[in-house]
Protein chains: 2
Amino acid sequence: MSNEDGGSLRGPLAHRVPDLAALELLLAVARLGSLGRAARETGITQPAASGRIRSMERMLGVGLVERSPRGSRLTDAGVLVTDWARRIVEAAEAFDAGAQALRGQRDSRLRVAASMTIAEYLLPGWLVALRARRPGTAVTLLAGNSAAVAERLRAGEADLGFVEGLAAPAGLDGAVVGGDRLVVVTAPAHPWARRRAPIAAAELAATPLILRERGSGTRQVLDAALAAYGGLAEPLLELASTTAAKAAAVGGAGPSVLSELAIGEELASRRLVEIPFEDLDLHRSLRAVWPTGHRPTGPARDLLSLTQGP
Amino acid sequence: MSNEDGGSLRGPLAHRVPDLAALELLLAVARLGSLGRAARETGITQPAASGRIRSMERMLGVGLVERSPRGSRLTDAGVLVTDWARRIVEAAEAFDAGAQALRGQRDSRLRVAASMTIAEYLLPGWLVALRARRPGTAVTLLAGNSAAVAERLRAGEADLGFVEGLAAPAGLDGAVVGGDRLVVVTAPAHPWARRRAPIAAAELAATPLILRERGSGTRQVLDAALAAYGGLAEPLLELASTTAAKAAAVGGAGPSVLSELAIGEELASRRLVEIPFEDLDLHRSLRAVWPTGHRPTGPARDLLSLTQGP
DNA sequence: GTTGCTCATAAATCCAGCTTATGCCCTCAT
DNA sequence: ATGAGGGCATAAGCTGGATTTATGAGCAAC
């Protein structure tokens with residue numbers, strides 16, 4: 001009776017989750033219906049594919065593929081596993097698209113400057129879509145705050161920018177490509193999570209919160225909105241990154257106010273719960289921006305068209 | 001000038017994305033501020049950690065951490081990469097939680113039966129949250145259609161079930177834990193994507209669509225809703241899985257009607273666009289269910305409480 | 001100055017996974 | 001029937017990447 005129970009923290013994730021190559025192979029098998037064909041597509045030999053699938057099945061303790069002399073089909077469990085695997089692969093594709101842009105090729109055809117929030121949460125998805133639609137478009141990404149983005153564009157060092165905020169920076173034209181909203185969140189165990197009535201603005205203002213540091217975009221919006229209600233109370237914690245603030249809130253340190261872009265996953269899995277509030281507008285626009293008069297063309301226009309919802 | 005451009009399909013993802021162990025290590029470095037501490041936490045030696053980070057930087061072509069004699073901090077690029085990496089790791093955690101449940105331990109304390117859709121898209125997140133709140137709860141997952149879920153519960157072979165549909169199956173009590181909605185989608189290039197007016201129910205009924213096979217939950221809901229408008233036209237394609245239907249729609253084969261749970265990613269990256277329609281209610285409830293009178297207790301109650309939104 | 005933390009480098013080792021080379025099974029067509 | 005072809009499994013040998021141990025060097029605090 002060692003610690004071989006169905007528990008959780010018995011080792012690094014990498015020992016319990018197959019590597020990307022194996023997951024991609026599984027997706028190929030699901031799509032092509034044959035280990036051999038999947039192997040060929042993946043650029044390995046058939047025995048290698050056979051072995052990889054087998055070791056994946058051993059690792060998970062579940063049969064994934066039903067082999068037959070005329071092909072392979074997924075088992076019921078295999079269908080589920082394959083769908084879960086697809087999530088990992090999609091996240092990896094976003095990572096890859098982002099990382100490639102970060103690398104900053106010399107011969108880049110499209111130079112994008114974006115605020116941190118957008119670069120973190122939205123841009124990778126857009127880059128994946130752009131890659132699907134216009135393969136071979138080399139993209140460079142520069143991340144910085146709104147002022148830095150504006151500066152790059154004015155200096156001609158970027159072709160297209162993305163910023164969040166209430167208005168487009170001076171000297172730049174723009175188009176709204178989406179919205180963001182700050183939400184009040186707590187861990188599910190916090191008393192606020194059991195309230196039925198919305199939090200009043202004044203109560204929110206009077207409560208010590210977990211916040212980003214003064215100067216961050218999130219903090220500025222909140223400061224402005226609560227100014228009419230006496231301004232923010234002394235923060236409970238003041239942290240340098242959205243991630244740190246999120247982690248503190250998840251850990252139950254107290255209520256926080258964060259961008260809904262940053263906490264989708266946490267809300268879905270109920271590591272955080274959203275607390276309704278009233279009398280406040282914590283929306284902000286996400287804008288694509290470009291130098292006044294220089295309407296985007298070429299690759300920049302391609303990317304822009306991806307971001308504009310129907 | 002080989003194909004070493006900033007393109008896309010120059011090899012398997014695994015060659016351009018670090019493995020899970022490296023990504024976890026990066027997250028640990030970000031959290032702990034030191035390669036050595038991160039190494040210890042990850043269960044490897046300091047030189048191994050140093051090498052892993054270095055090879056990751058070489059792979060991505062970007063510096064990620066700034067080393068100093070009294071610790072390491074992330075670079076600007078490192079912050080972005082770390083956030084993107086976190087997405088992959090979270091997807092891997094969901095995979096792991098799901099896979100472990102699929103394995104079906106003997107000594108399981110909680111046996112869950114769920115419909116495919118819920119097992120695919122929602123359950124892994126719930127299991128991650130459950131693991132965080134009640135570590136050591138061993139969960140077994142059985143996936144099947146609504147009838148199979150009901151059967152398991154009545155036979156006492158499962159403690160808690162999840163089904164989608166308009167009403168709880170006979171003999172079972174239930175509670176709504178969420179909603180699902182069928183949406184009309186096309187590839188962005190499809191003429192419908194440029195329409196401004198919603199699709200009328202009659203027009204939708206008359207159009208050949210990419211659909212799941214007759215008998216699937218999705219198909220049933222759509223059939224029922226369109227019965228009043230002359231019923232569904234002959235399908236354009238009839239496919240055996242949601243994934244296949246999605247792939248066909250993304251490929252531009254035509255319009256499809258799919259669960260919004262299944263296409264979140266595709267909508268966000270605009271590989272698919274949602275087409276508004278009118279005069280139809282394509283909502284369906286997601287319910288937790290249990291044998292009449294046997295209100296869930298223990299681990300089942302823990303899981304149930306996770307799924308009920310505020 | 002010494003202790004303690006940080007990280008980098010070097011050399012030896014070890015293991016995991018690949019490829020090549022087979023063999024068996026099944027189906028289909030001749 | 002009987003061969004041809006596609007599909008998968010097994011065995012053996014090899015290669016390379018990643019790890020560990022051992023050590024050195026830089027900086028800070030006492």
Side-chain angles (χ1 to χ4, degrees), chain A residues 11-75 77-78 81-82 85, chain B residues 11-75 77-78 81-82 85:
Chain A
L13 217 41
H15 290 171
R16 283 168 294 149
V17 178
D19 61 36
L20 275 172
L23 298 177
E24 280 194 283
L25 177 65
L26 180 62
L27 295 184
V29 170
R31 185 157 32 82
L32 301 173
S34 146
L35 290 189
R37 267 200 292 277
R40 241 168 291 136
E41 198 195 57
T42 313
I44 60 177
T45 60
Q46 173 265 320
S50 184
R52 276 230 266 246
I53 296 286
R54 182 170 300 283
S55 83
M56 189 157 39
E57 289 175 321
R58 212 159 26 80
M59 170 186 268
L60 302 179
V62 177
L64 300 175
V65 171
E66 212 174 318
R67 287 100 164 148
S68 91
R70 67 175 204 289
S72 293
R73 292 204 57 66
L74 294 179
T75 62
V81 169
T82 302
Chain B
L13 217 41
H15 290 170
R16 284 168 294 151
V17 178
D19 62 34
L20 275 172
L23 297 178
E24 280 194 285
L25 176 65
L26 180 63
L27 296 185
V29 171
R31 185 156 32 82
L32 301 173
S34 148
L35 291 188
R37 267 198 293 277
R40 240 167 292 136
E41 199 195 56
T42 313
I44 59 177
T45 60
Q46 174 267 320
S50 184
R52 276 229 266 248
I53 297 286
R54 182 170 301 282
S55 83
M56 190 156 38
E57 289 176 320
R58 211 158 27 79
M59 170 186 266
L60 301 178
V62 177
L64 299 175
V65 309
E66 213 173 316
R67 287 97 164 152
S68 91
R70 69 174 201 290
S72 292
R73 292 205 56 67
L74 294 179
T75 62
V81 169
T82 302

A:Ile53/A:Arg67 under side-chain contact (heavy atoms from CB on, under 4.5 Å): CA gap, chis, key distance, verdict: CA-CA 11 Å; A:Ile53 296 286; A:Arg67 287 100 164 148; 3.7 Å; yes

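- Nearest-nucleotide positions on DNA chain D for B:Gln46 and B:Ala49 put B:Ala49 closer to the 5' end.
- Taking 4.5 Å as the limit, every side-chain heavy atom of B:Leu32 sits out of range of all side-chain heavy atoms of B:Arg40.
- Comparing B:Pro47 and B:Ser55 along DNA chain D, the residue whose closest nucleotide (by nearest heavy atom) sits nearer the 5' end is B:Ser55.
- Atom CG of A:Leu74 and atom OG1 of A:Thr82 lie 4.0 Å apart (nearest 0.5 Å).
- In this structure, the side chains of B:Glu57 and B:Val65 come closer than 4.5 Å at one or more pairs of heavy atoms.
- When the P atom of D:dT19 is taken as reference, atom CD1 of B:Ile44 falls 6 Å away, rounded to whole Å.
- Rounded to an integer number of Å, the gap from B:Arg37 CZ to C:dG4 P is 16 Å.
- In terms of heavy-atom proximity, B:Thr45 sits nearest to B:Ala39 at O-CB, 3.6 Å.
- If you check C:dC25, D:dC8, D:dT20 against the side chain of B:Thr45, the one that comes closest is D:dT20.
- Computed from coordinates, the A:Leu35 CG to C:dC24 P distance equals 20 Å when rounded to whole Å.
- Between the CD1 atom of A:Ile53 and the P atom of D:dT10 there is a distance of 15 Å, rounded to whole Å.
- Residues from residues 60-68 of chain A lying near DNA chain D, meaning a heavy-atom separation below 4.0 Å, are A:Arg67, A:Ser68 in numerical order.
- Residue A:Ser50 has no polar side-chain atom (N or O) positioned under 4.0 Å from OP1 or OP2 of D:dC8.
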Stepwise side-chain contact (heavy atoms from CB on, under 4.5 Å) check, A:Asp19 with B:Leu20: CA-CA 7 Å; A:Asp19 61 36; B:Leu20 275 172; over 6 Å; no

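- Rounding to whole angstrom units, CG of residue B:Leu25 and C1' of D:dT19 are separated by 14 Å.
- Nearest-nucleotide positions on DNA chain C for A:Ala48 and A:Arg70 put A:Ala48 closer to the 5' end.
- Atom CZ in B:Arg58 sits about 14 Å away from atom P in C:dA8, given to the nearest Å.
- Between the CZ atom of A:Arg52 and the P atom of D:dC8 there is a distance of 16 Å, given to the nearest Å.
- For the pair A:Met56/A:Val81, no side-chain contact is recorded, criterion being any heavy-atom separation below 4.5 Å from C-beta on.
- Of the side-chain N and O atoms in B:Ser72, one or more sit less than 4.0 angstrom from OP1 or OP2 of C:dC7.
- Per the geometry, CG belonging to B:Asp19 stands 10 Å off C1' belonging to D:dA18, to the nearest Å.
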